[in-house]
Asker: 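Okay, here's the structure, questions in a sec.
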Amino acid sequence: MYGLWRPRVLGAWRVPASGPVIMAVNHSHNIDGPMLMGTAPRPVHFLIKKEAFTGPLDPFLRGIGQLRVDRATADRAAVTDALGVLAGGGVLGIFPEGTRGEGDFASLRAGLAYFALRAGAPIVPVAVLGSTGRGGRLVRALPPLRTRVDVVFGEPFDAGDGSGRRTRKALDEATVRIQQRLTGHLESARRLTGR
């Protein structure tokens, strides 16, 4: 990432140095995940759509510890793998909106709340800014080479209400709390970076 673009990493010291952590990342461009993997202070294991695991990318993604998920079904194997990362004290990366979009955390899926409540792992909000806009001259689907991309880590927080409940209602309430925190972090990151 540092060879192709100019990442500016802010707040990486906020990421807990050990123990399970979930990084909740906005997703507006296809380099957001790789940018976080290349700049995070700890290795990140992302849930990545199964369609990306084709050709030479398949062994590469598996080799760097990424997790394949079938978004069309309730993929039990992917859930088990993700919980295994957290149980082992690792970092799980999640795009809470489930797919690339505006990257504004406007429509969160319940998966993030489920993993946070089930594993008891804190959530670190992450804003990747500057990856969208005009395309590069060589590859139109990527930002121009040497473009500055900001990666802003927020304060870790717990998604639960302290009761330890994992009911459907608790998941819904946690999702609302998560969305408020992620949206607040994104607004703060935009002010901080001027984007």
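Bear in mind the structure is a predicted one, so any value in this text is a computation, not a measurement. Numbering of residues begins at 1 and proceeds along the displayed sequence.
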Asker: By the definition salt bridge (charged side-chain N to carboxylate O under 4.0 Å, His left out), identify the one residue from R195, R6, R191 that meets it with D150.
Answerer: R195
Asker: Other members of the hydrophobic cluster containing L10, with the 4.5 Å side-chain heavy-atom rule, please.
Answerer: V152, L192
Asker: Under 4.5 Å side-chain heavy-atom separation, chaining through any Ile, Leu, Val, Met, Phe, Trp or Tyr, what else clusters with W13? Say none if it is isolated.
Answerer: none
Asker: If every non-hydrogen atom of H45 is compared with every non-hydrogen atom of L92, which pair is closest and at what distance?
Answerer: O-CD1, 3.2 Å
Asker: Tell me, with the steps shown, if V25 and V128 meet side-chain contact (heavy atoms from CB on, under 4.5 Å).
Answerer: CA-CA 7 Å; V25 190; V128 179; 3.9 Å; yes
Asker: Nearest heavy-atom pair of L182 and P96: which atoms, and what distance?
Answerer: CD1-CG, 3.8 Å
Asker: Where the side chain of D161 meets the backbone of S163, is there a donor-acceptor pair that is under 3.5 Å apart?
Answerer: yes
Asker: What distance do R68 atom CZ and R62 atom CZ have between them, rounded to the nearest 0.5 Å?
Answerer: 5.5 Å
Asker: Out of curiosity, T193 OG1 to L129 CG, how far, rounded to the nearest 0.5 Å?
Answerer: 4.5 Å
Asker: Run V124 and F157 through side-chain contact (heavy atoms from CB on, under 4.5 Å) and show every step you take.
Answerer: CA-CA 7 Å; V124 173; F157 66 93; over 6 Å; no
Asker: For the side chain of R14 and the backbone of G154, is there at least one donor-acceptor N/O pair under 3.5 Å apart?
Answerer: no
Asker: side-chain contact (heavy atoms from CB on, under 4.5 Å) for F60 and D58? Distances and angles first, verdict last.
Answerer: CA-CA 5 Å; F60 173 74; D58 182 35; over 6 Å; no
Asker: Find the distance between CZ (R71) and CD1 (I48) and round it off to the nearest 0.5 Å.
Answerer: 11.0 Å
Asker: Could you tell me the separation between the CE atom of M23 and the CZ atom of F95, rounded to the nearest 0.5 Å?
Answerer: 12.0 Å
Asker: V15 and R42: side-chain contact (heavy atoms from CB on, under 4.5 Å), yes or no, with the steps?
Answerer: CA-CA 8 Å; V15 177; R42 293 177 61 188; 4.2 Å; yes
Asker: Tell me yes or no: between the side chains of D75 and T73, is some donor less than 3.5 Å from an acceptor?
Answerer: no
Asker: Look up atom NE2 in H185 and atom CZ in R190, then write down how far apart they are to the nearest 0.5 Å.
Answerer: 10.5 Å
Asker: Atom CG of L36 and atom CD1 of I31: how far apart are they, to the nearest 0.5 Å?
Answerer: 11.5 Å
